[in-house]
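See structure below.
Just so you know, ligand 1 is whichever comes first in the structure, and atom 1 is the first atom listed for that ligand.
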Amino acid sequence: MYLSIVVPCYNEKDSVSIFHKEIEKTLTDMKYEIIFVNDGSSDNTLDEMKKLADTDLKVKYISFSRNFGKESALYAGLKNAKGDLVCVMDVDLQDPPSLLPQMIDDIGDYDVVATRRVTRKGEPVIRSFLARMFYQFINRISKIELVDGARDYRVMTRQVVNALLELNEYNRFSKGLFAWVGFKTKWIEYENVERVAGETSWSFWGLLAYSIEGIVAFTAVPLSISTFFGILFSIIAFILIIFIVVRTLIYSNPVAGWASTVTIILFLGGIQLFSIGILGKYLEKTYTEVKNRPIYIVGETNIED
Ligand code: UDP
Ligand code: MG
């Protein structure tokens, strides 16, 4: 069995060589290649990769022309992987290489061996809470099943990788794509590990945008929200009309109630704008998809086809 390890890297100059050493220690009796994808780092991550590639033929690198995001880096790695088995892994050692031998052993009976964090130790409490809310929400409104705490760290057979490569959409939400292709999956659980060097590239707003990305990519349910409110308010309006007609007939027409009118107008205006916002989000995704631009652009690489 030949294993390809796909490793997206963005500003990870210190982690790259530590990662390489760890893998060398872990995989002693296996044929493998490491595909580092340099996602437009602004530090000398690429130089570190080249240094390793000079001394170790198992090291391949693909360097993007700019930062395209982890999802694009994963796609590039999968596309260039030659292995019968492919492993996807972060370079910061938050995906423990020590799990790898067991994952490779287990793959015989499964198509995918995936990992999930059972703790979120070392992470801000609010972030963990919001993440949990996100998983509950998306699982309720979409058909795919996202596992809470699931990492991208996984070993897949060639068949699964080929299925993933067929999903060549521009807006890539990998966690959803992994779930979407299905296949028999074994989950391995482990405790959260903090990164060895550098720092996370995820800000709060980045994560929020990423979760909206996931929702828009995997369910159209939010589009029906405006229909729901439309029907609800039509019914309320109908009841109110009858109420006002009857009241006017009985009590004539006193000038009152401007405050409630303004409140209602603001409320409805808010809901209309919110609904238009949802429409806009889907329109944006359709627009970027229709343009059919490449998912990534290679600046340089040592992989020849
Ligand atoms: N990464 C990337 N492109 C980006 C951001 C991150 O390739 O634009 C890589 C990063 O180098 C790391 C992995 O994706 O190997 C996970 O990123 P990070 O550790 O920042 O995320 P976290 O583990 O905090 O979720
Ligand atoms: Mg990390």
Keeping R158 on the side-chain end and G83 on the backbone end, is there a donor-acceptor pair under 3.5 Å? yes
Without swapping roles, check the side chain of N139 against the backbone of E145 for a donor-acceptor pair under 3.5 Å. no
Same cluster or not: are Y296 and Y10 linked, directly or through other Ile, Leu, Val, Met, Phe, Trp or Tyr residues, by side-chain heavy atoms under 4.5 angstrom apart? no
Identify whether V86 and W180 are in the same connected component of the hydrophobic contact network (ILVMFWY, side-chain heavy atoms under 4.5 Å). yes
List ligand 1 atoms under 4.0 Å from C9, heavy atoms only on the residue side. 7 (O), 11 (O)
Counting only heavy atoms closer than 4.0 Å, does ligand 1 sit against the backbone of E12, its side chain, both, or neither? side chain
Using atom types as modelled and distance alone, determine if a side-chain donor or acceptor of E12 lies under 3.5 Å from a backbone N or O of V91. no
Any residue meeting side-chain contact (heavy atoms from CB on, under 4.5 Å) with V245, in chain and number order, not counting sequence neighbours: I241, L249
Quick one: look up the protein heavy atom nearest atom 25 (O) of ligand 1 and list residue, atom name and how far away it is. W202 CD1, 3.5 Å
Tell me whether T45 contacts the main-chain N or O of S41 through its side chain, where contact means a donor paired with an acceptor under 3.5 Å. no
Residue, atom and distance of the protein heavy atom nearest atom 15 (O) of ligand 1 read P8 O, 2.8 Å
Check each atom of ligand 1 against the heavy atoms of G69 and keep those under 4.0 Å away; list them by number with element. 3 (N), 8 (O)
Sorted by chain and residue number, which protein N/O/S atoms are under 2.8 Å from the Mg ion (ligand 2)? D92 OD2, Q94 OE1
Quick note on ligand 1: atoms under 4.0 Å from a heavy atom of D92 include exactly 19 (O), 23 (O)
Tell me which protein heavy atom sits closest to atom 23 (O) of ligand 1, plus the residue, atom name and distance to 0.1 Å. Q94 OE1, 2.6 Å
Do ligand 1 and A73 have nitrogen or oxygen atoms that lie under 3.5 Å from each other? no
Is there a donor-acceptor pair closer than 3.5 Å between any side-chain N or O of D39 and the backbone N or O of G69? yes
Counting non-hydrogen protein atoms only, what is the nearest one to atom 16 (C) of ligand 1? Give residue, atom name and distance. D90 OD2, 3.2 Å
Out of D39, D152, V37, who gets a non-hydrogen atom closest to atom 3 (N) of ligand 1? D39
Which heavy atom of the protein is the closest neighbour of atom 5 (C) of ligand 1, given with residue, atom name and distance? S201 OG, 3.3 Å
Which protein non-hydrogen atom lies closest to atom 14 (O) of ligand 1, naming both residue and atom, and how far is it? K70 CD, 3.2 Å
Out of K175, E213, R172, which residue meets the side chain to side chain contact (heavy atoms under 4.5 Å, CB included) rule with E71? R172
Kindly say whether D92 contributes a backbone atom to a donor-acceptor pair with the side chain of D90 at under 3.5 angstrom? no
Look at the side chain of T219 and the backbone N and O of I141, then say whether any donor-acceptor pair between them is shorter than 3.5 Å. yes
Side chain R116, main chain D148, donor-acceptor under 3.5 Å: yes
Identify the protein heavy atom lying closest to atom 18 (P) of ligand 1, giving its residue, its atom name and the separation to 0.1 Å. R195 NH2, 3.4 Å
Under 4.0 Å from one or more heavy atoms of V91, ligand 1 contributes atoms 15 (O)
Using a 4.0 Å heavy-atom threshold (strictly under), name the region of N67 that reaches ligand 1: side chain, backbone, both or neither. side chain
Name the closest protein heavy atom to atom 1 (N) of ligand 1, giving the residue it belongs to and the distance to 0.1 Å. Y10 CB, 3.7 Å
If two hydrophobic side chains count as joined below 4.5 Å and joins carry through other members, does L279 share a cluster with F229? yes
State plainly whether the residues K186 and D109 are in salt-bridge range, i.e. N to O under 4.0 Å. no
